[in-house]
Amino acid sequence: PEAPAPEAGAETINGYLFMVDVAILGDPPEGGLSVFDAVELLSFQDDPLLGVEESTKSDFAYEYIGIIDLNGEEHYEIFLKMKDVNGEFSEDTAIARYAVAMDGRAYVFLEESGEFEIIHNGVANTLNPEGEWWGEYGKDDATLNIVNFDGKTFHFTLTMKGGAELEGVAPVDDYTAEYMDLRFTLAGEVILIEQYEKRGDSAGRAAFAGQYFRQ
């Protein structure tokens, strides 16, 4: 079920502030993402890019603007903002503009081209309804191989092109799994790996963070 509508600035999602005018919130389409789902998707997308500590995530905020038309389809328009020197959010502090389709495809607006570019191609409940984790995934500098998925755990091997390797068994909770300080999020044909906390030995696993696409 959709989370209760918050007052502006009163909600947090994945540690980030979420600002929304409750007057413009409508019901999500049947089977589609809610605004809160869309913001959560973007937050996991942005985690490795922003590289912020959990304690400083409140310096960033997502703001829901409304529905826009992109390529003939309805999308949620969402801005990512950063606090200014006075500790406030304003139009001038926006660092990214997003459009998220109801099926989870996400786009970022590029100032240089004046167009939206896709950054995420779908979410689990539309592209991978059974939550099947098994298979081989890859990003530019690493591969992820998942085997022995039994609905509760899976065994994985992460291999960097430089030779570094990490393997283990991760317990699964629906579309997320955790191993030490790494969180795996299954989003359709993509697995997002984020380092959600810092430990004494975290540096050795930081390079494995990122988006892995099913091969």
Side-chain angles (χ1 to χ4, degrees), residues 1-50 52-71 73-83 88-91 93-109 116 118-131 172-178 183-197 211:
E2 186 175 3
E7 297 296 333
E11 179 82 355
T12 59
I13 295 179
N14 187 25
Y16 297 95
L17 293 175
F18 175 44
M19 302 189 300
V20 59
D21 180 351
V22 296
I24 65 173
L25 274 177
D27 294 329
E30 185 176 353
L33 267 70
S34 70
V35 174
F36 302 94
D37 293 331
V39 171
E40 184 176 47
L41 182 153
L42 291 174
S43 74
F44 286 123
Q45 175 86 25
D46 287 334
D47 264 345
L49 302 178
L50 296 173
V52 297
E53 302 283 347
E54 288 292 325
S55 60
T56 57
K57 282 188 175 182
S58 58
D59 290 338
F60 297 85
Y62 292 92
E63 182 177 9
Y64 173 54
I65 305 301
I67 298 290
I68 61 171
D69 181 276
L70 180 63
N71 302 324
E73 296 180 76
E74 289 187 336
H75 290 66
Y76 297 121
E77 184 178 20
I78 298 166
F79 279 77
L80 174 61
K81 297 183 175 183
M82 183 172 60
K83 281 183 180 178
E88 298 177 349
F89 299 103
S90 69
E91 291 184 8
T93 65
I95 60 176
R97 177 189 176 196
Y98 296 110
V100 182
M102 305 305 160
D103 65 359
R105 285 170 292 125
Y107 300 79
V108 65
F109 184 77
F116 282 94
I118 193 163
I119 55 173
H120 195 285
N121 66 358
V123 294
N125 64 354
T126 57
L127 291 182
N128 197 344
E130 301 304 320
V172 175
D173 181 9
D174 293 328
Y175 297 110
T176 62
E178 292 184 0
R183 178 179 291 125
F184 299 71
T185 301
L186 179 64
E189 301 302 294
V190 181
I191 290 179
L192 175 66
I193 298 179
E194 61 170 332
Q195 193 170 44
Y196 67 92
E197 67 177 359
Q211 289 188 89

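I67 is linked by a side chain to side chain contact (heavy atoms under 4.5 Å, CB included) to Y64, E74, Y76, M102, counting only residues two or more places apart in sequence or in another chain. The ring pair (Phe, Tyr, Trp, His ring centres under 6.0 Å) check on F184 picks up F154, F156, with sequence neighbours excluded. By the side chain to side chain contact (heavy atoms under 4.5 Å, CB included) test, T93 is found to be paired with K81, D84, F89, S90, residues two or more places apart in sequence or in another chain being considered.
Rounded to the nearest 0.5 Å, atoms CG (L192) and OG1 (T176) are 11.5 Å apart. With rounding to the nearest 0.5 Å, the separation of CZ in F109 from CD in E77 is 10.0 Å. Considering CG of L42 and CZ of F18, their distance stands at 10.0 Å, rounded to 0.5 Å. For the atom pair CD (Q211) and CD1 (I191), the distance works out to 11.5 Å, reported to the nearest 0.5 Å. Between atom CG of residue N14 and atom CD of residue E194 there is a gap of 5.5 Å, rounded to the nearest 0.5 Å.
Distance alone, capped at 3.5 Å, is enough to place a donor-acceptor pair between the S34 side chain and the D37 backbone.
Here the shortest heavy-atom pairing between L17 and S58 reads CD1-O, 3.5 Å. Taking each heavy atom of A61 and M19 in turn, the nearest pair found is CB-CE, 4.1 Å. Shortest non-hydrogen contact noted between L33 and D103 is CD1-C, 4.0 Å.
Ring pair Y62/Y16 is perpendicular by interplanar angle, where above 60° counts as perpendicular and below 30° as parallel.
Put simply, the side chain of H75 does not reach to within 4.5 Å of the side chain of Y98, judged on heavy atoms.
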